[in-house]
Each structure stands twice: as structure tokens, then as C-alpha cells.
Amino acid sequence: MRAIFIIVACCIVSGLCVAQPVIKVEGQNFINLGKSAYFWRDTTEKTPFETVEKFNSKRFSPGKSPVFNGGTDGHVWWMKLRFSRKPETVPYLFIDYASIDTLCLFYRDTLGNVQHVHSGMLGLKQNDAVLGTGYIFPLQQAKGPVSEIYIRMQTMNTLLVPFKLITEPVLNRALTKEYSAQLIYVGIALMIIIFHLFMFVMTRSKLFALYMARVVLLFFITMVCYLQGYGPMLGLPAARFIFLHAHFFIALGYICTILFNSYFLKLKRQLPFLHKIFKILSMAWGIILICSLWDARSITNALTQLLFLITSLLFLFSSIKVIVIRGYAKTAPFISFYVLGWIPVALVSIYLVLSLMAIIPFQSYTFNLLTFAAIIEGILISLGLFGQRLRLLSRHNAHFRRQRILLQEQMEGYKKQLSEKKMAPTVHLSLKELTNLAQTKDPSFMERFRESEAGFIKELLQLSPQLLTAELELCAYMRLNFDTKEIARACRLSVRAVESRKYRVRKKLGIDAEANLQTWILDLARTS
């Protein structure tokens with residue numbers, strides 16, 4: 001019996017230890033401790049700390065993943081932590097995510113008094129020094145040897161809480177490393193922006209302008225200022241506007257991306273059905289854009305996740321369909337990078353949406369995956385755009401080479417004709433012979449007319465050097481006393497087209513509207 005009692009007691013004690021684990025601060029690295037904390041959802045959203053503190057441990061649920069995911073419903077959650085430390089150690093609670101509306105930290109100090117620290121994006125004050133990527137709370141006053149802290153959390157966005165209990169040296173080393181990596185990412189993104197700005201100035205192509213808009217809206221505003229918490233560097237009002245209306249920038253960024261993808265792949269001609277689907281997606285993103293202006297974050301969160309997944313997958317599918325299957329990149333292999341650019345985005349979007357929906361656990365590295373995928377996408381898409389530009393230049397060069405060859409052939413033909421004309425004496429034809437050439441639609445009519453009526457042509461060009469070849473031909477037919485219908489038959493034009501051409505000739509020669517153009521032409525021919 002004594003042995004059974006001991007076994008049962010050990011099981012109870014071990015069960016309690018599992019239920020309420022104590023975190024040793026000195027032994028912690030820079031890792032998330034979501035599985036070591038316990039959580040309770042406050043359905044009334046008004047429960048005070050003193051009441052929560054007295055709750056039985058069974059009221060709390062153990063964490064299931066390193067990063068706590070509280071969903072997108074805007075509920076109030078309480079988190080409970082127990083930790084131990086050496087007397088000379090100063091512990092820090094670091095919540096490595098900035099997009100949280102309110103954070104309230106509660107604990108009892110060494111005198112038993114309640115300490116309350118209020119923070120969160122909507123709890124920041126103008127003089128708070130905030131530089132990414134989350135919130136730091138020193139806990140040197142917490143009552144020992146085993147301290148308990150409670151955190152009240154709420155956000156209308158997705159409530160993600162990656163937190164660490166660490167010492168100051170670990171925190172400093174980790175933040176230095178993290179900020180260094182973020183500076184590298186931002187530097188690469190700036191280089192991509194500069195490249196596209198240069199290409200836009202050189203080519204005036206809207207493709208480069210649309211992709212610049214994507215990088216600014218989705219990387220710098222959404223990821224850097226919103227997700228990584230660097231918005232306060234722009235000023236607290238701007239940071240709060242980005243925080244409250246983040247989905248506005250996301251929706252606008254994806255609308256620009258849809259336009260960019262459609263123009264790049266020429267979907268209207270290549271894949272008309274998919275082009276219509278992208279139009280529907282643009283309208284759906286437009287709905288999110290409008291709803292986000294009213295701070296309807298609880299509505300736009302789930303819809304944004306769904307559209308984010310669908311749009312990313314369709315980008316990948318459309319690029320594979322056009323570039324690979326239809327052989328769009330055969331003449332320019334660089335364009336294949338366009339397909340490769342969407343692969344990491346599609347894979348990360350699937351993983352991220354499944355994590356946000358709590359289908360798979362949210363891991364410590366999940367936040368960095370999106371940034372890494374965005375950088376890889378930016379580099380590969382830029383290479384794809386560069387490849388497309390090379391393809392267009394090669395096509396233009398080939399066209400210009402063909403035109404140059406044709407011009408050279410024409411020049412050689414003209415030189416040959418001129419040499420033949422110089423060798424052969426010019427024979428002037430009579431008006432009757434010129435009329436016969438015109439009536440039989442002889443191709444040499446205009447050339448023989450210029451030779452025989454050189455004075456008439458010279459007088460016309462002196463009066464109006466702007467006369468075109470077709471307009472000179474019209475004057476030649478009128479010189480031969482052809483009426484409008486005869487000119488139309490000879491030139492294979494409609495009567496209306498001939499009348500329009502007569503109107504332009506009248507304007508260029510400055511003939512009054514009352515004067516008869518046919519009579520004026522005949523009078524000019526007599527005096528020339």
C-alpha cells in the first residue's frame with residue numbers, strides 16, 4: 001500500500017509540474033516558450049487581475065505551440081507564466097511581435113503589491129522609444145523565489161504572441177543579430193526599388209512602376225512597419241494608421257501585383273479565362289481595401305488570409321502556364337526566373353495560412369519565412385523583368401536589322417534606277433498619253449507625270465511644301481481634268497475619301513471655299 005501511495009503521489013506531483021511548469025530564466029536561450037505558458041480566454045472581457053490570480057490552474061489551458069495563436073476574433077486572452085531566477089539575475093519578458101492592440105502585464109512585487117504595465121500598439125505614448133520588433137518588460141521587482149506573471153492580450157488582428165524569458169546579455173546578443181538580419185533584408189529591398197526606379201526612368205514601362213508599388217506596399221509598409229513594428233519611426237500617428245488600416249495597404253499592394261502579373265504575362269491574350277478570374281480577385285481585394293478604412297479588422301483578417309493564399313497560387317499557376325507550357329521563355333531563358341520567384345511565395349503562403357488557422361503549430365521561424373520568401377521573390381522577379389526587357393530588345397534589334405537590310409536594298413534599287421535614267425534621255429508625254437496611262441492604272445503614271453509636268457509639280461510644292469505624295473497624285477488627276485468619280489476609280493478609293501483629300505489639298509494650298517478647285521488647278525497648269 002505504501003508503494004502504491006508513493007506512486008500515486010509521484011504521479012500527482014509530476015502532473016502538477018506538467019500543469020504549472022517553472023521556467024528557469026538563467027538557462028533560457030532566445031527561443032519562444034509558448035508551450036511553457038497557460039492561457040485562458042476572457043469571454044466577458046472585463047475580468048480583473050485579482051480575480052484571474054485566484055483561478056484554479058484547471059481554468060487555464062496549456063500552450064500547444066511555441067507561438068501562441070489566439071485567432072482573429074478579437075477575444076481577450078490571459079497568459080500565465082511561472083519562472084525562477086537567481087537573486088542577482090534581472091529577467092526580461094520579450095514579446096517579439098508588435099501587431100497587438102493592447103498588452104497589460106500584471107505581477108506582484110517583493111512587497112506583495114500589484115504591478116501593472118500597460119503597452120501594445122494602441123497603448124504607446126508619444127515619448128516611448130520603440131524600434132521594432134516587439135515589447136520588452138523588465139521583471140526585477142517580481143516576487144520570488146517562484147514568480148508568477150499574468151498578461152492580458154487583445155487584438156483585432158491575428159493574435160500571435162511569441163515570447164521569451166531571458167537575461168539581458170542574451171537579449172542584447174539576440175536583438176543585435178536580429179536587427180542585423182533585418183538591415184540586410186531592408187538593404188536588398190532598397191536595391192530592388194532602386195533597380196526598378198532606374199528601369200522605369202529609362203523605359204517608362206508601367207511594369208516597373210507596378211512592381212515598385214508592390215515592394216513599397218507589401219514589404220516596407222506591411223512587413224517592416226506593420227509586422228516588424230518599425231512604424232513608430234515614422235511617427236506615432238502614422239504608425240497607428242498603418243496598424244489600424246494595414247489591410248488597406250495589403251489590398252492595394254495585391255491589386256498592383258495582379259495588374260503587374262496580367263501585363264507581364266499578357267493574360268488577356270494568352271489566358272482570357274484566367275484574366276477574368278484575376279479581375280474577380282481584384283474586386284475582392286477592393287472590398288477588403290474599402291472595409292479596412294472603417295477598421296473592420298475582424299472581417300478583413302480571415303478574407304485577407306484566404307485571398308492571400310488563392311492569389312499567390314494563381315500567380316504561380318499563370319506564370320507556369322504561360323512561360324513554361326506555352327514556351328514564352330524559349331527566346332529568353334531569364335524570363336523563367338519569373339516562375340521561380342512565385343514558388344517560395346506560394347509555399348510560404350500555404351504554410352502561413354495553415355499556421356494562422358491553427359491547423360499546424362505556429363513555429364518560431366514562421367515570421368522569418370515570409371520575409372525570406374519576399375526577398376527571394378524580389379530578386380527572381382527582377383531577373384525575370386530584366387529577361388523580358390532583353391527579349392524585347394533582341395526582337396527590336398532583329399526588326400531594325402531587317403528594316404536596315406530592306407532600306408539598303410531599296411537604296412541600291414533607287415541608285416540603279418537613277419543611273420538608268422541618266423543614261424536614257426527623258427521623253428515627255430502629251431496630256432493624252434498621260435490620260436491613257438491614268439485610265440489604264442499604269443504603275444508608272446505618277447513618275448511619267450512628274451517628268452512631263454515638272455513645272456506644274458514645282459509650282460504646287462512652292463505653294464505648299466507639305467503636300468503629300470497622295471495629294472500630289474490627286475492634283476495630277478485633276479490636271480488631266482478627271483472628275484471625282486474617275487479619280488476614285490483610278491485610285492481605288494471611295495468618293496468620300498477623294499472629297500476628303502480634296503478638302504485637305506484646298507486647305508494646304510490656301511484656296512478659298514468659294515473657288516472651284518478643279519478650275520484653280522487648270523489655271524495653275526496653264527501658267528506653269
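Along the sequence shown, the residues carry numbers beginning at 1. Every value quoted in this text rests on a predicted model; they were computed, and no experiment measured them.
Of all heavy-atom pairs between Val339 and Ser319, the closest is CG2-O, 3.7 Å. Minimum interatomic distance between Ala239 and Pro232 (heavy atoms only, all atoms of both residues): CB-N, 3.4 Å. Among all heavy-atom pairs drawn from Val345 and Ser312, the shortest one is CG1-OG, 3.8 Å. For the pair Ser318 and Leu267, the tightest heavy-atom approach, listed with the atom from each and the gap, is CB-CD2, 4.3 Å. Taking each heavy atom of Asn69 and Leu356 in turn, the nearest pair found is ND2-O, 2.9 Å. Nearest heavy atoms, Ile100 versus Leu159: CG2-CD1, 4.3 Å.
Of the inter-residue distances, the one linking Thr203 atom OG1 with Phe208 atom CZ reads 5.0 Å to the nearest 0.5 angstrom. Annotation: the span from Phe243 atom CZ to Met121 atom CE amounts to 6.0 Å, rounded to 0.5 Å. One finds the CD atom of Gln115 at 8.5 Å from the OG1 atom of Thr110 (value rounded to the nearest 0.5 Å). Atoms CG and CZ, from Leu93 and Phe83 in turn, are 8.5 Å apart once rounded to the nearest 0.5 Å. Put simply, OG1 on Thr222 and CG on Leu252 are 9.5 Å apart, with the number rounded to the nearest 0.5 Å. Atom CD1 of Ile193 sits about 8.0 Å away from atom CG of Leu197, to the nearest 0.5 Å.
Formation of a donor-acceptor pair under 3.5 Å by the Asn56 side chain with backbone atoms of Lys58 is found in this model. At least one donor-acceptor pair under 3.5 Å links the side chain of Asn301 to the backbone N or O of Met156. In this structure, Asp96 contributes its side chain and Gly134 its backbone to no donor-acceptor pair below 3.5 Å. Checking side-chain atoms of Ser282 against main-chain N and O of Ile255 turns up no donor-acceptor pair under 3.5 Å. Without hydrogens or angle criteria, Asp109 side chain to Leu111 main chain gives a donor-acceptor distance under 3.5 Å. For Thr311 (side chain) and Phe308 (main-chain N/O), no donor-acceptor pair under 3.5 Å exists by modelled atom type. Checking side-chain atoms of Ser292 against main-chain N and O of Leu289 turns up a donor-acceptor pair under 3.5 Å. The closest donor-acceptor contact from the side chain of Tyr150 to the backbone of Leu105 lies at 3.5 Å or more, if one exists at all. Panel note: side chain Gln154, backbone Gly74; a donor-acceptor pair is recorded below 3.5 Å.
With sequence neighbours excluded, no residue forms a side-chain hydrogen bond (donor to acceptor under 3.5 Å, both in side chains) with Tyr254. Arg401 pairs by the side chain to side chain contact (heavy atoms under 4.5 Å, CB included) definition with Asn397, Ala398, Arg404, not counting sequence neighbours. Under the ring pair (Phe, Tyr, Trp, His ring centres under 6.0 Å) criterion, Phe278 pairs with Phe315, sequence neighbours left out. Residues satisfying the side-chain hydrogen bond (donor to acceptor under 3.5 Å, both in side chains) criterion with Gln141, sequence neighbours excluded, are absent altogether.
Contact check for Leu271 versus Lys321: side-chain heavy atoms found under the 4.5 Å cut-off. Taking the side chain as every heavy atom from C-beta outward, Leu227 and Tyr97 approach each other to under 4.5 Å. Considering only heavy atoms from C-beta on, Leu207 comes within 4.5 Å of Phe260 through its side chain. Within the 4.5 Å cutoff, no side-chain heavy atoms of Tyr338 are placed close to those of Leu380. Within the 4.5 Å cutoff, side-chain heavy atoms of Trp285 are placed close to those of Thr304. The shortest distance between side-chain heavy atoms of Tyr365 and Leu369 falls below 4.5 Å. The closest side-chain heavy-atom distance from Pro361 to Lys64 is not below 4.5 Å.
Ring orientation note: the planes of His116 and Phe106 are close to parallel, at an angle under 30° on the 30°/60° scale. Aromatic ring pairs are classed by plane angle as parallel below 30°, tilted from 30° to 60° and perpendicular above 60°; the pair Tyr135 and Phe137 is parallel.
Applying ring-ring contact (aromatic ring centres under 6.0 Å, His included) to Trp77 and the options Phe60, Trp40, Phe39, Phe68 leaves one that passes, Phe68. Arg152 pairs with exactly one of Thr47, Val76, Val52 by the side chain to side chain contact (heavy atoms under 4.5 Å, CB included) rule, that one being Val76. The residue from Val186, Leu370, Leu218 that alone fulfils the side chain to side chain contact (heavy atoms under 4.5 Å, CB included) condition with Met223 is Leu370.
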- Message: Would Leu340 and Ser336 count as a side-chain contact (heavy atoms from CB on, under 4.5 Å) here? Give the steps.
- Response: CA-CA 7 Å; Leu340 299 176; Ser336 300; 5.7 Å; no
- Message: Does Val224 form a side-chain contact (heavy atoms from CB on, under 4.5 Å) with Tyr185? I'd like the steps, not just the answer.
- Response: CA-CA 10 Å; Val224 176; Tyr185 293 150; over 6 Å; no
- So Thr371 and Phe219, side-chain contact (heavy atoms from CB on, under 4.5 Å) or not? Walk me through it. CA-CA 8 Å; Thr371 304; Phe219 185 83; 4.2 Å; yes
- So Gln305 and Leu309, side-chain contact (heavy atoms from CB on, under 4.5 Å) or not? Walk me through it. CA-CA 6 Å; Gln305 293 176 19; Leu309 176 61; over 6 Å; no
- Task: Would you sort out whether Thr102 and His118 count as a side chain to side chain donor-acceptor pair (under 3.5 Å), showing the intermediate values?
- Result: CA-CA 7 Å; Thr102 56; His118 183 70; over 6 Å; no
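Both the sub-6.0 Å distance and the 45° axial angle are satisfied by Arg204 relative to the ring of Phe200. By the 6.0 Å and 45° rule, Lys164 stacks over the aromatic ring of Phe30.
Dense packing is recorded around CZ of Phe195, with more than 12 heavy atoms of other residues, nucleotides or ligands lying under 6.0 Å away. At most 12 heavy atoms of other shown residues, nucleotides or ligands fall within 6.0 angstrom of atom CZ in Phe386.
Listed by first and then second residue, the salt bridge (charged side-chain N to carboxylate O under 4.0 Å, His left out) pairs involving residues 368-379 are Arg214-Glu377 (not counting sequence neighbours). Among residues at least two apart or in separate chains, salt bridge (charged side-chain N to carboxylate O under 4.0 Å, His left out) pairs with a member in residues 35-55 are Glu53-Arg108.
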